[in-house]
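What you see is a predicted model; the values in this text were computed from it and never measured.
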Amino acid sequence: MKLLPLAALFLAALPSFAQKVKPAENLVQYAHPIVGTAKMGHTFPGATVPFGMVQLSPDTDTLSYEQDGKYNPDVYKYCAGYQYQDKTIVGFSHTHFSGTGHSDLGDFLLMPTTGPLQLNPGTATQPQSGYRSAYSHASEVAEPGYYRVRLDDHNILAELTATNRVGMHQYTFPQSDQAHLILDLMAGIYNYPDKNVWTFVRVENDTLVTGYRQTNGWARTRTVYFAMAFSKPFTDYGSRNYGKKQAYRGFWGKFDQTKSFPDLAGEQLRMYFNFKTTAGEKLKVKFALSPVSTVGALQNLRTEAPGWDFNQVKTQAQQLWQQELSKVVVESPKKVDKENFYTAMYHAFLSPTTYMDTDGQYRGLDQNTHQAQGFTNYTTFSLWDTYRALHPLFNLLQPKRNADMVQSMLAHFNQSVEHMLPVWSHYANENWCMIGYHSVPVVADAVLKGNAPFDANKALDACVTTARTQRYDGIGEYMQLGYVPEDKSGSSVSKTLEYAYDDWCIAQMAQKLGRQDIYQEFSKRAQNWRNVYDPRIGFMRPKLADGTFRKEFDVLSTHNQGFIEGNAWNYSLYVPHDPAALITIMGGEKRFIEHLDSLFTMHLPDKFFAETEDITREGIIGNYVHGNEPAHHAAYLYNWTNQPYKTQARVRMILPKMYRPTPDGLGGNDDCGQMSAWYIFSALGFYPVAPGSPDYALGSPALHGATLRLENGKTFRITTKNQSDKNVYVQEARLNGKLLTRPFLAHQDIMNGGELVFMMSGKP
């Protein structure tokens, strides 16, 4: 008789128990990194982990930022390095933004090739002139933490995965005596001939290469260090320096630096490493990054990816994604709902990105090395976008990370010679992109929602100092006149409105902390939005320094009208901190509702947005521009009127129009997760109209149910009864059995755990 192992006997004795234990659903299968890679989504399809420092992804062209000394508008398509309609892949680089409307990065491009060595990338029209390769979407697989594609011209299967700080490549070669790996240290996104300031490379031995490069682009002074390890020794290697001839080159000319020379430096370098491969042989590469040093990069490599098991690294990456996606478990009979939701979760959890070594060291804004004490240091703060919904989403689902992000912003403030919180920052640089001081609502929202394991008074002081920086972007005139004058500073109405909201956030934080003087000062400043409202026409309007409104004005145009990325029709609704007062000043509920209705139903002719590169017809519903952020709260404003049912109808109309699980499935730039965060909140049934407020405005849930697994150990359940595509109206909503009499939900009610039940109907 054969004896069964004890474990097998135990399991055999418990068949009914085993049948009752239902394994957790694989949520990774529903998240599609390919979504948004076509047209204006500006996402990347490659491999990364949640909030990872490495974003290892294919780049599909090499367009220059400048052409004939001027901006090349075609480069805008390549903010993430990849465009779905392209037919060739240039290579795989290690850093990418997700969904931005401007760009940088694209560091350290690797490309495996066979045949005669080519160091030029070639062009899209003549791919055989360089090392790039044709590929087909039929061979392409893009999953969270994993990417695969066949490089047809070289007959190589390329596979990518990643840890936080290490990109891992696996290239399956054919039999070849001419197998190469190209390391292009000139390549980049939003590249131009002089972007590389300096590059330094050391070939440590026949399986290890280290170095760094410094670039001058969107980030003015950006230095990235690397350590690259091969799974087998190369047979030989070489390089080519494409830089301009220097007046002084020292005595390095005594060496032939083009072949097997281990100590390289220059502005424009490309390298190659040669191998002999057998059919089906897998060459693996581990590529670690560091913001501090090559020693840091090596330590990151050895800590996070000590072995060579590609599948193990892939499995670990996807386990991390499963863990993060499982923070919300949704229910729907339609697969498309899960695909849209978990793709949005995936995109929302890409950035901000980790920016420190495994030992906590990072490069600061002052370009010195700092040590993160008690927090993870982050970068990639697209704050004009992400303060609206992404950071509020983090306060709900990622409170520990969001608190660390706030501490990263406070560290930025301490290192800033301008004494300002970040505006739009990445890689130890402030790039000053967009308007407002929108670190403030992120800090305030964390403090006011009780997610502030830091000195809240010092955080308030940093917000106040930032808001009093008179030399910055019209703040001096704003403080003096109560508005930004258009003849002194462009986009003046947008600045006035956004400053006023940020000031309200400071006031709320000051009130919570008992700082009455600050509360009074910034409560008054928060009313400055009134100074740019023209009651004669019923719109916000640019005002001049002499106190008069500018005469030439078009409420539909987005260009040179006092606004940025939006027209007066959209921006006139931007008083998120006091919709009730806005309704009053605009003439009462009837007129306000008419304005809101027309926003979604009127037709906006192409000529009114033709001059803006990030607004296309796909992102517009009526005159409502969902593809840009300034009106993301607009659909929820009906909640401050006697017709909140219109919010419910509008939200359910926007969701399927602007979000689909296809390459062109985003109606605009994802903007580091803001578009996706809007989807997540709205699909769940509520939205943070004014971050810094403890309340969410209710909408219309698009799911049959959802369970939020909160970091405090509690769960919040959303149940939707009588749900269907036609039943978009909320007949009633009950929180823990108690009827809600107002269309609002408190943040603390969610954090306490419980259940919100929506009863849906086909009639308002």
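Under 3.5 Å, the side chains of Thr715 and Thr707 contain no donor-acceptor pair of N or O atoms. Side-chain atoms of His632 and Gln674 include a donor-acceptor pair closer than 3.5 Å. Judged purely by distance below 3.5 Å, without hydrogens or angles, the side chains of Glu324 and Gln398 pair a donor atom with an acceptor atom. In this model, a donor atom of one side chain and an acceptor atom of the other lie less than 3.5 Å apart for Tyr478 and Asp503. Looking only at atom types and distance, the side chain of Glu755 has a donor-acceptor partner in the side chain of Thr719 under 3.5 Å away. Using modelled atom types and a 3.5 Å distance limit, the side chains of Asp670 and Thr43 yield no donor-acceptor pair.
When all heavy atoms of Asp357 and Pro291 are compared, the pair lying nearest together is OD1-CD, 3.2 Å. Contact between Leu27 and Gln322 at its shortest, heavy atoms only, is N-OE1, 2.9 Å. The two residues Ile475 and Ala467 have their closest heavy-atom pair at CG2-O, 3.4 Å. Thr496 and Gly482 make their closest contact through CG2-O, 4.3 Å (heavy atoms, listed as atom of the first residue, atom of the second, distance).
Note that the CG atom of Leu698 and the CZ atom of Arg742 stand 10.0 Å from one another [nearest 0.5 Å]. Atoms CD1 and CD, on Ile564 and Glu629 in that order, are 11.5 Å from each other to the nearest 0.5 Å. Taken from CD in Gln361 to CZ in Arg363, the straight-line distance is 11.0 Å, to the nearest 0.5 Å.
Electrostatic pairing of Glu331 and Arg717 counts as a salt bridge here, judged by a charged N lying under 4.0 Å from a carboxylate O.
For Phe681 and Tyr636, the ring centers sit 6.0 Å or farther from each other. Ring to ring, Phe349 and Trp321 are not that close: their centroids are 6.0 angstrom or more apart. Aromatic ring centroids of Phe744 and Trp640 lie under 6.0 Å apart. Aromatic ring centres of His626 and Tyr659: separated by under 6.0 Å.
A donor-acceptor pair is defined here as one N or O able to donate and one able to accept, closer than 3.5 Å; such a pair exists between the side chain of Asn300 and the backbone of Leu289. The backbone N or O of Pro422 sits less than 3.5 Å from a side-chain atom of Ser439, completing a donor-acceptor pair. Proximity of a side-chain donor or acceptor of Asn451 to a complementary backbone N or O of Pro399 within less than 3.5 Å is detected. His102 places no side-chain N or O within donor-acceptor distance of the main-chain N or O of Trp218, the cut-off being under 3.5 Å. Glu304 places a side-chain N or O within donor-acceptor distance of the main-chain N or O of Arg165, the cut-off being under 3.5 Å. In this structure a side-chain-to-backbone donor-acceptor pair under 3.5 Å is missing from His42 to Asn669.
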Pair Cys672-Thr100, side chain to side chain contact (heavy atoms under 4.5 Å, CB included): steps then yes or no: CA-CA 6 Å; Cys672 288; Thr100 54; 3.6 Å; yes
Residues Phe381, Thr386; criterion side chain to side chain contact (heavy atoms under 4.5 Å, CB included); working and verdict: CA-CA 8 Å; Phe381 288 117; Thr386 57; over 6 Å; no
Stepwise ring-ring contact (aromatic ring centres under 6.0 Å, His included) test for His426 and Phe97: CA-CA 10 Å; His426 73 282; Phe97 289 129; 5.0 Å; yes
Start with the C-alpha distance between Phe563 and Tyr574, add both sets of side-chain angles, then the distance that settles ring-ring contact (aromatic ring centres under 6.0 Å, His included), and finish with yes or no. CA-CA 11 Å; Phe563 302 94; Tyr574 188 86; over 10 Å; no
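The list of salt bridge (Lys or Arg N to Asp or Glu O under 4.0 Å) pairs with a residue in residues 384-400, not counting sequence neighbours, reads Lys400-Asp404. Among residue pairs with one or both ends in residues 426-448, those qualifying as salt bridge (Lys or Arg N to Asp or Glu O under 4.0 Å) are Asp445-Lys449; sequence neighbours excluded.
Ring-plane geometry between His747 and Tyr696 is classed as tilted, the angle between the planes lying from 30 to 60 degrees on a 0 to 90 degree scale.
Residues passing the salt bridge (Lys or Arg N to Asp or Glu O under 4.0 Å) test with Arg652: none are found, sequence neighbours excluded.
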